[in-house]
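Heads up, the thing below is written out as structure tokens.
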Amino acid sequence: MAASGEEIRISLEGGRIPAPSTLAVNKNNELTWEASGADEQTSFLLTFVGDVSKREVTAAAGTTKAAIPTDLAETRYLVEARAVKNGNYSPPTTALKISVKTSAPESLKIDGLSEPQGIATAGRGIYIANRKSGEIIKADMDGKNAIAVKKLEIPMGIATDGARVWVATQAAGGAVTSYFTYGDYAQSIKPAQEKPGINYLSYFGADIYHSATEKYSDPLLFTSQSKGWVAQGYLAASCGEIVNDLSDPRGMTCDGTFLYIASVGRGKVLRVRVDGAGGKVDFISVTNPEDVSCNARHLYVTTNNGTLIRASRHTGVVDDGFTIRNLDKPRGVVVWGNYIYFVEQGANKVSRVFDGWAAE
């Protein structure tokens, strides 16, 4: 550890700094360092500075790690590190960029889960579809204050825009039911009525164009496992198939230009333009993909071999450093803000993981 008055200089090259001390970011959302001598037991004050938030963390003398605050509003911040000894601070370092690779998953304490399958959020709480009990459970974004708000017959996929919730029910031959989050009114919508096996739903809150003249506003997107198609829209008259002849599709997501579809039969996440141009592209090779969600930079995929992976939304390259393994039947996944929320059906739980930037 650096002596009193010596500045810690953080380098992005490998996430470490040169000898005599090193400082690195690990996968548990911590800064770690190595002491270079027994007489160098200076503590440190680490100041994390983001666009809209600021936190200070003290690393006690003799320790070699400090937790990065998880309540920061940003996933990317600057850090100032000051050496502390006998109550005196050295001059602060120049603020340099560091990056967080990822956090360990946090299991949310939600009661009443019974074979959870789908998960959805629009930032006003999370909604979980429980396949066995049929209950739709709503909880705060941190999992607190969970209550059952609906009961349906074998609910699978679920999506929400914050004001409405849509649920795909397997028992009804592929029906989708919609209801308002603030009342009991429910309505069965028809586009999937004759397409059984819907696993997941996805909502896209903007216009997408299937052709120069065919526009879908705020579409609801879904796949049918047994029929092998992807559709969009709310009513039978406005429902359009974008892709067909898929091999055992599961979840899907959209970024406005492309659909990303988990195909178990092909062992791929497929990428397809929403206007149908270019055909189906094998975008990511992954064993038994289950569900998929995306943000501005990444795709997140749960798999039937017990993993949650992250890949570039632009290139499809998988970030092996992020991969979370040994999950128990991971199913639905959704991204919101700094977190990825996902279901572990085998463990009857919902977890979230901090979405930190990879080192650049």
Side-chain angles (χ1 to χ4, degrees), residues 15 24-32 48 50 53 55 65-77 98-110 113 116-123 125-128 139-144 146 158 200 202 251 253 260 262 269 284 286 288-313 317-360:
V25 181
N26 66 18
K27 295 180 182 179
N28 295 317
N29 216 20
E30 295 172 331
L31 289 180
T32 62
F48 297 80
S53 58
R55 299 288 186 277
K65 66 180 180 180
I68 296 173
T70 59
D71 62 341
L72 283 166
E74 298 84 11
T75 57
R76 187 181 182 90
Y77 7 84
I98 66 167
S99 300
V100 182
K101 284 290 283 185
T102 183
S103 307
E106 171 191 4
S107 179
L108 304 183
K109 302 185 185 312
I110 301 176
L113 299 180
Q117 176 86 12
I119 185 169
T121 186
I126 53 176
Y127 292 84
I128 305 107
D140 296 343
M141 298 299 290
D142 58 3
K144 297 178 181 177
I158 188 167
Y200 299 103
S202 180
T253 192
Y260 303 91
V269 172
I284 305 172
V286 55
N288 295 328
E290 181 69 21
D291 195 19
V292 57
S293 186
C294 70
N295 59 17
R297 290 170 58 96
H298 297 113
L299 294 170
Y300 297 87
V301 185
T302 52
T303 77
N304 271 326
N305 63 343
T307 63
L308 171 67
I309 68 171
R310 178 171 74 181
S312 168
R313 207 193 79 194
V317 175
V318 174
D319 178 3
D320 291 328
F322 176 91
T323 301
I324 301 171
R325 296 177 172 83
N326 300 317
L327 300 177
D328 195 345
K329 292 185 179 179
R331 292 295 184 255
V333 60
V334 63
V335 182
W336 187 264
N338 292 339
Y339 288 97
I340 305 101
Y341 293 82
F342 61 94
V343 165
E344 289 186 69
Q345 189 177 89
N348 280 325
K349 71 177 184 179
V350 171
S351 298
R352 68 179 182 179
V353 62
F354 183 78
D355 178 27
W357 297 105
E360 296 175 344

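Scanning both residues, Asn348 and Pro116, for their nearest heavy atoms gives OD1-CD, 3.2 Å. In terms of heavy atoms, Val335 sits closest to Ser293 at N-OG, 3.2 Å.
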| task | Begin with the C-alpha distance, continue with both residues' side-chain angles, and end with the deciding distance and a verdict on side chain to side chain contact (heavy atoms under 4.5 Å, CB included) for Lys329 and Glu344. | result | CA-CA 5 Å; Lys329 292 185 179 179; Glu344 289 186 69; over 6 Å; no
| task | Could you give me the CA-CA distance, side-chain angles and deciding distance for Val350 and Ile128, then say whether side chain to side chain contact (heavy atoms under 4.5 Å, CB included) is met? | result | CA-CA 9 Å; Val350 171; Ile128 305 107; 3.9 Å; yes
| message | Quick one, Met141 with Ile126, criterion side chain to side chain contact (heavy atoms under 4.5 Å, CB included). Give me CA distance, side-chain angles, the key distance, then yes/no. | response | CA-CA 6 Å; Met141 298 299 290; Ile126 53 176; 4.1 Å; yes
| said: Set out, in order, the CA-CA distance, both residues' side-chain angles and the distance that settles side chain to side chain contact (heavy atoms under 4.5 Å, CB included) for Asp319 and Arg310, then state yes or no. | reply: CA-CA 6 Å; Asp319 178 3; Arg310 178 171 74 181; 2.7 Å; yes
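For the ring-ring contact (aromatic ring centres under 6.0 Å, His included) criterion with Tyr300, the lone passing option out of Phe322, Trp336, Phe342 is Phe322. Residue Pro330 forms a side-chain contact (heavy atoms from CB on, under 4.5 Å) with just one option from Val301, Thr302, Ile324, Asp291, and that option is Thr302.
At a cut-off of 3.5 Å, with distance as the only test, a side-chain donor of Tyr200 or Glu290 sits close to an acceptor on the other residue.
When atom types are taken as modelled, the side chain of Arg313 and the backbone of Asn295 share a donor-acceptor pair closer than 3.5 angstrom. In terms of modelled atom types and a separation under 3.5 Å, the side chain of Gln345 and the main chain of Arg331 share no donor-acceptor contact. In this structure, Thr307 contributes its side chain and Ile309 its backbone to no donor-acceptor pair below 3.5 Å.
When side chains are defined from C-beta on, Leu308 counts as touching Val353, because their heavy atoms get closer than 4.5 Å. Within the 4.5 Å cutoff, side-chain heavy atoms of Arg352 are placed close to those of Asp142. Side-chain contact between Tyr341 and Leu108: present, with at least one pair of heavy atoms (C-beta onward) separated by less than 4.5 Å.
Rounding to the nearest 0.5 Å places CG of Leu327 at 7.5 Å from OG of Ser351. Interatomic distance, CD1 of Ile158 versus OG of Ser202, reported as 12.5 Å (0.5 Å rounding). Once rounded to the nearest 0.5 Å, the distance linking CD1 of Ile119 with CD1 of Ile340 reads 11.5 Å.
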